[in-house]
> 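Just passing along the structure, written as structure tokens.
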Amino acid sequence: MAGRTRALVVGPYLERVQKSNDQAAGSRSQEAKIAEAKGLACAIDLNLIDARIVNLAQIRPASFLGKGKVEELAEFVRNEDIDLVIMDCALSPVQQRNLEKAFFAKVIDRTGLILEIFGRRARTREGTLQVELAHLAYQKSRLVRSWTHLERQRGGFGFLGGPGETQIETDRRLIEVRMKRIELELASVKRTRGLHRKSRRTVPYPIVALVGYTNAGKSTLFNDLTQSKVLAEDMLFATLDPTLRRVSLPHGGEIILSDTVGFISDLPTMLVSAFRATLEEVLEADVILHVRDIAHEDAEAQLADVETVLSQLGVDPSGDRRLLEVWNKADLLDPDALTAAQNSAQRRSAAARPVIIVSALTGQGMAGLREAIEHRLAQGRVTFDVSLEPENGSGLGWLYENTEVLQRTTAADGSTLLTIRVAPERAERVRRKFFADGREGQASLDRAS
């Protein structure tokens with residue numbers, strides 16, 4: 001533990017809110033909240049000394065906590081030589097400063113902690129820029145007029161001259177300049193990402209995007225589907241940057257699978273905004289897999305949090321037919337809980353909200369998931385049976401480049417028989433190329449559905 005920052009996590013939760021929400025669907029217990037806060041702290045390798053729940057009757061404007069609780073925590077911080085106090089709430093700049101004065105230790109709130117995790121996890125240039133932009137926006141809000149020694153000489157003349165530029169104003173101006181530069185760089189990155197998406201739309205592979213609460217098992221699921229080795233650990237925000245891989249489905253079709261950043265309750269608005277370019281992969285997807293940790297005690301609350309972020313992105317959780325719910329970590333359920341989950345999944349599926357129960361760790365249900373993806377992709381797509389003469393190599397190459405080739409056989413006369421599938425908007429192009437008189441050899445339309 002030597003050399004690691006000694007930290008204390010404090011969960012200041014309003015008692016009346018907790019009591020009124022005890023029976024509400026999707027509500028979180030105080031124990032679950034503090035457990036998640038501890039998980040966030042451990043995600044950046046802090047030496048976590050203790051985690052305490054503080055019940056509040058009301059929020060104090062000056063320090064969030066009451067005077068007596070501040071003094072009690074300050075004594076604990078001194079006795080345990082705490083370097084960092086993490087408040088599992090949103091602090092105003094004044095509250096943060098007053099707590100730091102009382103504790104003689106660094107104080108950060110939930111937003112600051114999540115920003116720190118994102119800063120450590122980002123690996124790509126785009127991810128680094130997005131995190132820096134969000135962090136600068138957060139820093140800018142923390143610049144408050146609290147230190148008179150930062151004020152420079154007075155400007156103007158006589159009594160009409162106000163104070164000159166302060167160090168705080170200089171810092172704010174420098175932050176704004178840096179933010180504008182990052183926004184320009186991100187605009188360029190967004191254009192490039194848009195071009196990549198456009199180029200992917202010209203190839204026949206559908207896009208399947210993974211979304212879900214952090215630590216729901218998305219990366220483990222991604223690894224199983226793609227047979228790759230993306231970092232997958234039992235840790236909040238273990239992976240941050242998006243990853244794409246090509247995957248073969250049971251009946252020969254292929255997809256591009258995209259793993260996105262995990263969501264979390266009270267995800268800072270600035271982070272949702274900063275990562276919008278990355279999360280737009282979800283908007284372009286043909287199928288969206290919402291991965292849930294069904295064994296988690298707060299699974300329903302996590303569902304609500306993810307659906308909130310999806311709504312902010314423009315995806316309707318209740319009406320978007322691209323959504324499939326994947327209930328992961330079935331291996332952690334006892335037989336009774338698994339039976340209950342299966343019954344619940346059947347009821348949801350009957351109500352047009354398809355649910356697949358899996359364990360990405362053990363492989364349970366993964367074959368069914370692949371088939372469900374394939375079935376969902378087939379809905380609304382047009383299927384053709386095409387017959388090509390042996391010498392029509394150019395037509396064969398075109399089909400492989402521009403459609404999903406589901407099946408290929410060779411007839412007795414040497415002609416090539418193919419079953420292909422395309423998105424509806426590309427079906428007319430196939431018809432013109434292969435089913436019009438005098439075009440691309442002898443082909444016949446056997447089926448279109």
Side-chain angles (χ1 to χ4, degrees), residues 18 21-39 42-43 208 210-239 247 249-250 257 259 262-265 287-307 310 317-318 323-376:
Q18 178 66 23
N21 287 341
D22 273 344
Q23 304 302 322
S27 65
R28 281 188 171 83
S29 65
Q30 292 184 348
E31 291 72 20
K33 291 178 180 179
I34 199 70
E36 183 172 272
K38 288 166 61 178
C42 292
V208 176
L210 298 176
V211 301
Y213 207 82
T214 182
N215 208 31
K218 294 190 307 302
S219 295
T220 304
L221 189 77
F222 184 89
N223 287 341
D224 186 283
L225 289 171
T226 63
Q227 299 300 300
S228 57
K229 295 181 179 179
V230 172
L231 175 64
E233 294 185 11
D234 185 14
M235 177 189 297
L236 300 182
F237 297 117
T239 52
V247 177
L249 295 176
L257 187 65
D259 187 14
F263 302 155
I264 197 167
S265 63
V287 175
I288 302 171
L289 301 182
H290 177 185
V291 184
R292 297 177 56 193
D293 178 357
I294 195 58
H296 199 284
E297 62 176 328
D298 283 324
E300 291 301 315
Q302 292 180 355
L303 167 66
D305 289 326
V306 172
E307 290 185 341
L310 287 175
S318 60
L323 274 167
L324 292 176
E325 279 193 26
V326 182
W327 291 3
N328 191 26
K329 303 190 181 182
D331 56 298
L332 299 180
L333 298 177
D334 60 45
D336 291 340
L338 180 58
T339 299
Q342 290 169 339
N343 292 337
S344 178
Q346 289 178 356
R347 289 193 296 271
R348 288 194 184 225
S349 296
R353 294 197 62 172
V355 173
I356 303 94
I357 298 179
V358 305
S359 169
L361 189 63
T362 66
Q364 174 187 346
M366 294 301 293
L369 174 59
R370 291 180 175 88
E371 291 178 359
I373 294 172
E374 197 164 48
H375 178 71
R376 178 50 59 94

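Note that the structure is a prediction, hence the values are computed from the model and not measured.
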> Run the side chain to side chain contact (heavy atoms under 4.5 Å, CB included) check on Asp224 and Arg370 step by step: do they pass?
CA-CA 11 Å; Asp224 186 283; Arg370 291 180 175 88; 3.2 Å; yes
> If you compare all heavy atoms of Gly365 against all heavy atoms of Ile356, which two are closest, and at what distance to 0.1 Å?
O-CG2, 4.2 Å
> For Leu289 and Ile373, what are the C-alpha separation, side-chain angles and deciding distance, and is it a side chain to side chain contact (heavy atoms under 4.5 Å, CB included)?
CA-CA 9 Å; Leu289 301 182; Ile373 294 172; 3.8 Å; yes
> Between Tyr213 and Val306, which heavy-atom pair has the shortest distance, and what is it?
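Shortest heavy-atom contact: N-CG2, 3.5 Å.
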> Restricting to non-hydrogen atoms, name the atom on Ala360 and the atom on Asn328 that form the minimum distance, rounded to 0.1 Å.
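What the structure gives for the nearest pair is N-OD1, 2.9 Å.
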> Answer yes or no: is there a side-chain heavy-atom contact under 4.5 Å between Val358 and Val291?
no
> Using the test salt bridge (Lys or Arg N to Asp or Glu O under 4.0 Å), find all partners of Glu307 that sit at least two apart in sequence or belong to another chain.
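Counting only residues at least two positions away or on another chain, Glu307 forms a salt bridge (Lys or Arg N to Asp or Glu O under 4.0 Å) with Arg353.
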> Just list the side-chain donor-acceptor pairs under 3.5 Å for residues 332-343, sequence neighbours left out, or say none.
{"from": "Asp334", "atom 1": "OD1", "to": "Asp336", "atom 2": "N", "distance (Å)": "3.1"}
{"from": "Asp334", "atom 1": "OD1", "to": "Ala337", "atom 2": "N", "distance (Å)": "2.7"}
{"from": "Thr339", "atom 1": "OG1", "to": "Pro335", "atom 2": "O", "distance (Å)": "3.0"}
{"from": "Asn343", "atom 1": "ND2", "to": "Thr339", "atom 2": "O", "distance (Å)": "3.3"}

> My understanding is that only residues two or more places apart in sequence, or in another chain, count here; which of them pass side chain to side chain contact (heavy atoms under 4.5 Å, CB included) with Asp293?
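If we apply the side chain to side chain contact (heavy atoms under 4.5 Å, CB included) test to Asp293, skipping adjacent residues, the hits are Ala216, Ala295, His296, Gln302, Lys329.
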> Tell me, do Leu221 and Leu369 make a side-chain contact under 4.5 Å, heavy atoms counted?
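Side-chain contact under 4.5 Å: yes.
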> Which atoms form the tightest heavy-atom contact between Leu324 and Ala372, and what is the distance?
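Taking Leu324 first and Ala372 second, the nearest heavy atoms are CD1-O, 4.1 Å.
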> What is the distance from atom CG of Leu225 to atom NZ of Lys218, rounded to the nearest 0.5 Å?
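Nearest 0.5 Å value for the CG-NZ distance: 13.5 Å.
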> Mind checking the CG-NE2 spacing from Leu323 to His290? Nearest 0.5 Å is all I need.
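Leu323 CG to His290 NE2: 8.5 Å, rounded to 0.5 Å.
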> Using salt bridge (Lys or Arg N to Asp or Glu O under 4.0 Å) as the criterion, list what pairs up with Arg292, not counting sequence neighbours.
Glu300, Glu325
